[in-house]
Amino acid sequence: MRNLFLLAAAVPILFYGVAAPAWAGDPIPSPARQSELDYMLRQDCGSCHGMTFKGGLGSPLLPEQLEGKSEDALADVVLDGIPGTPMPPWRSLLTQPEARWMIARLRRGLDQ
Ligand code: HEC
């Protein structure tokens, strides 16, 4: 019984103590997070940039439009928004690697 209790206490400690920092520094979001980001792109970003990213209130975000622009600069736009325009900052919801992942996803074309 006592051993079982120790095991129950040790598993979460090992899980968070060992696994979490490894993920925190990982530039590639976990598969579960990737599907959340994908959903966010379509629902939240798509509400301004168009369901097919051909543009709406926000500029088009198709691969052609993003070509030649720096991935880091575009990720900064996502994190900080563009003051004076409706483009809001997403820093409270996204990390830099997640913003970069979204940009890479848009660059590849969302339907690929
Ligand atoms: C409330 C509307 C709105 C929402 C929601 C929104 N955007 Fe924007 N976004 C804009 C507007 C407007 C611009 C263009 C601003 C300007 O330069 O006039 C823009 C610009 C951008 C740019 C720069 C494009 C370029 O060619 O330089 C990127 C990248 C971008 N948005 C990504 C996103 C992502 C990713 C999301 C979701 C996390 C998002 N936006 C959500 C309105 C929005």
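What you see below is based on every heavy atom in this structure, not just the backbone, and it leaves out hydrogens, waters and symmetry mates. Computed from a predicted structure; not experimentally measured. Counting convention: from 1, in listed order, for ligands and their atoms alike.
Protein heavy atom in closest approach to atom 8 (Fe) of ligand 1: H49 NE2, 2.0 Å. The single protein non-hydrogen atom nearest to atom 23 (C) of ligand 1 is V77 CG1, 3.8 Å, given as residue, atom name and distance. In this structure, the protein non-hydrogen atom closest to atom 38 (C) of ligand 1 is C45 SG, 2.7 Å. Considering only non-hydrogen protein atoms, atom 26 (O) of ligand 1 sits nearest to K69 NZ, 2.5 Å. When only non-hydrogen protein atoms are considered, atom 5 (C) of ligand 1 lies nearest to D44 O, 3.4 Å. Closest to atom 17 (O) of ligand 1, if we only count protein heavy atoms, is I82 CD1, 3.8 Å. Protein heavy atom at the shortest distance from atom 42 (C) of ligand 1 is M87 CA, 3.6 Å. Annotation: atom 1 (C) of ligand 1 to nearest protein heavy atom, C48 SG, 2.7 Å.
Going from atom CG of L41 over to atom CH2 of W101 covers 7.0 Å, rounded to the nearest 0.5 Å. Between atom CE of residue M102 and atom CG of residue L74 there is a gap of 13.0 Å, rounded to the nearest 0.5 Å. Atom CD of E98 sits about 8.5 Å away from atom OG of S30, to the nearest 0.5 Å. The distance from atom CZ of R100 to atom CG of D76, rounded to the nearest 0.5 Å, is 9.5 Å. Interatomic distance, CE of M40 versus OG of S35, reported as 13.0 Å (0.5 Å rounding).
A donor-acceptor contact shorter than 3.5 Å is absent between the side chain of H49 and the backbone of P60. Not a single donor-acceptor pair under 3.5 Å links the side chain of E67 to the backbone N or O of E64.
With a 4.0 Å cut-off on non-hydrogen atoms, A99 does not touch ligand 1 at all. By the criterion of a heavy-atom distance under 4.0 Å, the side chain of L61, and not its backbone, is placed next to ligand 1.
At least one side-chain heavy atom of K69 sits under 4.5 Å from a side-chain heavy atom of R107.
For ligand 1, the atoms closer than 4.0 angstrom to any heavy atom of P86 are 1 (C), 2 (C), 12 (C). The ligand atoms of ligand 1 that sit less than 4.0 angstrom from a heavy atom of G58 are 10 (C), 11 (C), 12 (C), 42 (C). Within the listing of ligand 1, atoms 12 (C) sit less than 4.0 angstrom from a heavy atom of L57. Atoms of ligand 1 lying under 4.0 Å from at least one heavy atom of T85, given by number and element, are 15 (C), 16 (C), 18 (O). Near P88, meaning under 4.0 Å from any of its heavy atoms, are these atoms of ligand 1: 3 (C), 4 (C), 6 (C), 7 (N), 43 (C).
For ligand 1, the polar-atom distance check finds no N/O of W90 at less than 3.5 Å from any of the ligand's N/O atoms. Remark: ligand 1 and S59 share no N or O pair separated by less than 3.5 Å (distance only, no angle test).
A salt bridge (Lys or Arg N to Asp or Glu O under 4.0 Å) with D38 is found for exactly one of R33, R108, R105, namely R105.
Following chains of ILVMFWY side-chain contacts shorter than 4.5 Å, one can reach I82 starting from L66, so the two form part of one hydrophobic cluster.
Scanning both residues, L110 and R42, for their nearest heavy atoms gives O-NH2, 3.4 Å.
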